[in-house]
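Notes to accompany the following structure.
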Amino acid sequence: MRLLSSLTPLGQHFSFRLRIAISFQSHNFPRLFTMASSEESLRNTLSQKQSAVDAQANAVRALKAAKAAKAEIDAAIEALNGLKIEKASIEKKLQAVVTGAGGDGALNRESFRQAVNNTLERRLFYIPSFKIYRGVAGLYDYGPPGCAVKSNVLAFWRQHFVLEENMLEVDCPCVTPEAVLKASGHVDKFTDLMVKDEKTGTCYRADHLLKDFCNEKLQKDLSISSEKAAEFKHVLAIMDDLSAEQLGAKIKEYGIVAPDTKNPLSDPYPFNLMFQTSIGPSGLLPGYMRPETAQGIFVNFKDLYYYNGNKLPFAAAQIGQAFRNEISPRQGLLRVREFTLAEIEHFVDPEDKSHPKFTDVANLEFLMFPREEQMSGKSARIIPLGEAVAKGTVNNETLGYFIGRVYLFLTRLGIDKNRLRFRQHLANEMAHYAADCWDAEIESSYGWIECVGIADRSAYDLHAHTEKSGVPLVAHEKFAEPREVEKLVIAPVKKELGLAFKGSQKNVVEALEAMKEKEALEMKANLESNGEVEFYVCTLGKNVLIKKSMVAISKEKKKEHQRVFTPSVIEPSFGIGRIIYCLFEHSYYMRPSKGGDEQLNVFRFPPLVAPIKCTVFPLVQNEQYEQVAKVISKSLTLSGISHKIDITGTSIGKRYARTDELGVPFAITVDSTSSVTIRERDSKDQIRVSVDEAASVVKDVTDGLRTWENVWSTFPHHASAAAED
């Protein structure tokens with residue numbers, strides 16, 4: 001899992017009539033984030049207008065100094081004031097573009113985010129952990145509704161992927177021995193660059209400080225030129241590619257200091273993000289809290305392959321906690337120290353990455369952002385998935401199939417398809433072994449957030465664990481008839497190597513045996529012509545001199561009855577917390593109360609993920625109505641529908657508002673002993689059904705067997721005005 005970080009790489013369906021006063025809707029919100037050309041034009045216009053203001057101000061001063069006629073001075077001042085008004089208008093437009101504030105009543109990004117988070121914390125979707133002890137950055141507790149949403153998301157993930165794709169689910173420990181993570185590369189490379197306040201020792205993530213500085217300049221300093229704005233945007237675009245030295249140079253160039261104290265900062269240096277521990281009381285077996293769940297699947301490949309009947313392809317899946325000791329966690333659920341991952345490792349023959357079900361998703365069209373468009377400064381565009389695979393934009397059918405399945409998963413959860421894109425990794429973002437990588441990015445008030453990574457990791461992981469463990473993690477293809485093949489044979493002469501390299505003999509032997517065919521044949525040619533050759537041994541970190549007597553390299557013809565190979569891995573990796581937070585933002589809106597004197601919060605969760613599917617309200621405190629409510633409650637329970645009874649004396653309108661704020665899609669109001677009303681949250685429309693039908697109607701709509709529109713057209717309507725008082 002290389003998801004959810006800029007780490008060194010290792011490698012609505014429910015459409016209701018909404019009465020919305022304030023929201024980030026799909027037709028408006030994305031537009032606010034994709035106006036680069038408009039911003040550049042406005043910055044140029046503002047710069048020109050500022051020059052005109054300065055020139056006119058100089059003219060006014062000159063007229064005053066020359067004691068010109070009052071009428072002439074007044075005319076010049078009037079012209080100056082006009083220019084200032086024009087400048088202020090341009091500044092307002094530019095501010096709207098860079099902060100995401102629209103002119104149609106939409107909240108700006110920060111205000112919107114604050115409104116969402118205030119509602120989430122007040123209604124206990126999630127809260128800071130250990131709150132009474134002032135909390136710990138990067139740790140959060142899910143409250144009852146948050147737990148329910150998370151549980152529903154994970155249940156749908158299992159249905160959509162594990163069950164529908166016949167995956168093998170595993171559950172592995174969070175504590176992982178060091179040897180496993182040494183083999184995977186995490187011990188050496190799972191780092192972020194950190195800087196310290198030179199006086200207080202407070203630590204900061206270096207790229208975050210640079211990113212914050214650039215964003216601050218772009219969003220709040222309207223005086224910077226379009227050229228300088230372009231520079232800051234370029235820095236943001238290449239941030240992940242900057243070395244420690246380059247990052248440090250930029251921090252010094254821009255005069256960036258510690259945010260809290262304004263003290264100077266140290267040079268950036270790497271910090272490993274894994275939580276280290278020891279296994280057992282002796283402390284002799286080092287371990288780590290896993291930074292991802294994938295390694296547990298890789299090390300179990302041999303057993304899973306056997307369980308699957310020694311057949312490829314197959315996929316293994318795991319849902320579990322992962323841990324990353326973030327340097328300076330922020331952005332709520334988007335960057336935390338403990339989080340839930342759902343990962344899939346799809347093992348496939350590297351010579352055949354076709355997928356039998358690709359045609360099921362080939363006709364999907366959605367926003368894709370290939371690397372060519374990124375490099376040329378273009379925007380994401382809608383591309384048919386089949387076309388992307390046919391043209392080679394997406395490397396292979398299996399990778400394309402999972403991209404399509406991820407799109408369907410996210411949109412069915414309630415993610416706005418117009419604020420979802422699949423961005424291809426640039427060549428310099430990918431690990432050297434990766435064939436192709438795409439991120440599902442969701443637009444939020446923080447910008448585009450990577451929530452799912454879908455990567456073709458080739459055979460790197462299984463190779464790495466085979467080499468370190470000594471256990472071959474391979475697959476077999478039996479031939480109907482034996483095949484004659486030419487095999488490369490590398491035979492190190494250990495006696496000669498021992499005499500020459502003594503204690504380093506093993507390192508040299510392993511390096512020689514690990515050579516690829518091209519490299520080995522080049523060595524053979526050099527040895528035959530020169531008698532010796534320089535050879536780099538990575539485990540020694542230096543070149544050694546190999547002589548002709550030290551190794552025999554040849555190609556031999558052999559008959560083989562089977563092909564033994566290391567499978568490739570296609571890995572979709574889901575950051576569940578990030579998906580849930582983006583779902584919160586995409587589902588949130590505000591609408592006026594009936595009296596228009598206040599704004600009411602609403603989460604338009606699809607029934608699939610809503611924390612509570614239905615509420616049951618006796619219209620007034622009446623024993624008969626309460627008995628009917630209990631009968632309906634029992635029916636809902638037997639139908640597996642989560643619900644809540646509210647028999648408080650509060651007005652029905654306030655009870656509706658309370659449950660709308662939790663995202664409850666349906667409310668059953670008991671106003672007689674024979675029939676009840678069912679209210680739909682977003683349209684506020686109500687139908688009347690018999691008491692016996694109430695639970696089944698809610699279940700059918702909740703399970704997706706019927707739509708609200710279908711129900712609305714089937715049952716008698718109920719006037720809802722009085723009920724909303």
Side-chain angles (χ1 to χ4, degrees), residues 1 10-11 166-170 172 176-177 179-186 292-318 343-355 395-399 431-436 455-492 506 509-520 538-539 555-571:
M1 156 72 180
L10 299 174
N166 292 311
M167 294 179 178
L168 311 180
E169 186 171 4
V170 299
C172 305
T176 307
V180 174
L181 295 168
K182 184 75 173 175
S184 67
H186 286 84
E292 62 179 36
T293 66
Q295 300 308 318
I297 298 176
F298 295 138
V299 300
N300 283 313
F301 170 79
K302 186 176 180 180
D303 292 324
L304 291 169
Y305 180 57
Y306 175 77
Y307 181 86
N308 198 55
N310 294 324
K311 294 178 181 178
L312 286 182
F314 75 89
Q318 182 169 194
E343 297 192 286
I344 297 165
E345 307 302 331
H346 182 91
F347 299 100
V348 63
D349 186 335
E351 295 182 4
D352 181 12
K353 294 182 181 179
S354 62
H355 198 287
N395 185 269
N396 57 76
E397 278 191 3
T398 298
L399 185 64
H432 65 277
Y433 50 77
D436 196 7
D456 182 337
R457 297 178 50 75
S458 299
Y460 170 80
D461 303 280
L462 296 182
H463 270 311
H465 288 298
T466 294
E467 183 179 338
K468 293 296 181 182
S469 70
V471 177
L473 303 178
V474 295
H476 308 267
E477 179 194 3
K478 291 186 178 180
F479 301 143
E481 297 289 337
R483 296 181 185 178
E484 189 173 80
V485 296
E486 200 171 43
K487 284 282 187 179
L488 177 71
V489 179
I490 302 173
K506 183 181 178 183
V509 169
E510 289 177 348
L512 287 169
E513 291 176 338
M515 284 191 296
K516 302 294 184 186
E517 182 171 329
K518 182 180 178 182
E519 183 183 11
C538 61
T539 53
K555 296 192 78 172
E556 298 178 1
K557 289 186 176 181
K558 293 183 178 181
K559 280 193 174 182
E560 288 191 344
H561 296 268
Q562 64 177 1
R563 168 175 158 250
V564 181
F565 61 94
T566 304
S568 287
V569 177
I570 311 293
E571 180 191 68

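Put simply, CG on Asp456 and CD1 on Ile570 are 3.5 Å apart, with the number rounded to the nearest 0.5 Å. The CG atom of Leu488 lies 7.5 Å from the CE atom of Met515; values are rounded to the nearest 0.5 Å. In this structure, OG1 on Thr466 lies 3.5 Å from CG on Leu473, to the nearest 0.5 angstrom. We find the CZ-CZ distance between Phe347 and Phe298 to be 5.5 Å, quoted to the nearest 0.5 Å. With rounding to the nearest 0.5 angstrom, the CD atom of Glu519 is 9.0 Å from the CG atom of Leu512. Going from atom CG of Asp461 over to atom CD of Glu571 covers 7.0 Å, rounded to the nearest 0.5 Å.
Nearest heavy-atom pair, Ile344 versus Ala317, reported as atom, atom and distance to 0.1 Å: CG1-CB, 4.2 Å. Taking all atoms of both residues into account, the shortest heavy-atom contact from His476 to Tyr305 is N-OH, 3.0 Å. Pairing each heavy atom of Val170 with each of Cys172, the nearest pair is CG2-SG, 4.0 Å. When all heavy atoms are compared, the tightest approach of Thr398 to His346 is CG2-CD2, 3.6 Å. Annotation for Leu168 and Leu304: closest pair CD1-O, 4.0 Å, computed over non-hydrogen atoms. The nearest pair of heavy atoms linking Ser568 to Pro350 is OG-CB, 3.3 Å.
For the pair Asp436 (side chain) and Asn395 (backbone), a donor-acceptor distance under 3.5 Å is present. Side chain of Asn308 to backbone of Lys311: a donor-acceptor contact under 3.5 angstrom is found. For the pair Glu486 (side chain) and Lys557 (backbone), a donor-acceptor distance under 3.5 Å is absent. Between the Ser469 side chain and the Val471 main chain, a donor and an acceptor come within less than 3.5 Å of each other. Under the 3.5 Å distance criterion, the side-chain polar atoms of Glu343 are matched with a main-chain donor or acceptor of Thr293.
For His465, the side-chain hydrogen bond (donor to acceptor under 3.5 Å, both in side chains) partners two or more places apart in sequence, or in a different chain, are Gln295.
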Inset, instruction - Determine, step by step, whether Glu560 and Lys487 satisfy the salt bridge (Lys or Arg N to Asp or Glu O under 4.0 Å) criterion, reporting the C-alpha distance in whole Å, the side-chain angles of both residues, the deciding distance to 0.1 Å, and the verdict. - result: CA-CA 10 Å; Glu560 288 191 344; Lys487 284 282 187 179; 3.4 Å; yes

Inset, instruction - Assess whether side-chain contact (heavy atoms from CB on, under 4.5 Å) is satisfied between Lys302 and Asn300, documenting all intermediate values. - result: CA-CA 6 Å; Lys302 186 176 180 180; Asn300 283 313; over 6 Å; no

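A cation-pi arrangement is present between Arg483 and Phe479, with the terminal nitrogen or guanidinium carbon under 6.0 Å from the aromatic centre and inside a 45° cone about the axis.
In this structure the side chain of Phe301 never reaches within 4.5 angstrom of the side chain of Thr566, judged on heavy atoms.
Residue Lys555 qualifies as enclosed at atom NZ: its count of foreign heavy atoms under 6.0 Å is above 12.
Arg563 and Asp349 are joined by a salt bridge, as a carboxylate oxygen and a charged side-chain nitrogen come within less than 4.0 angstrom of each other.
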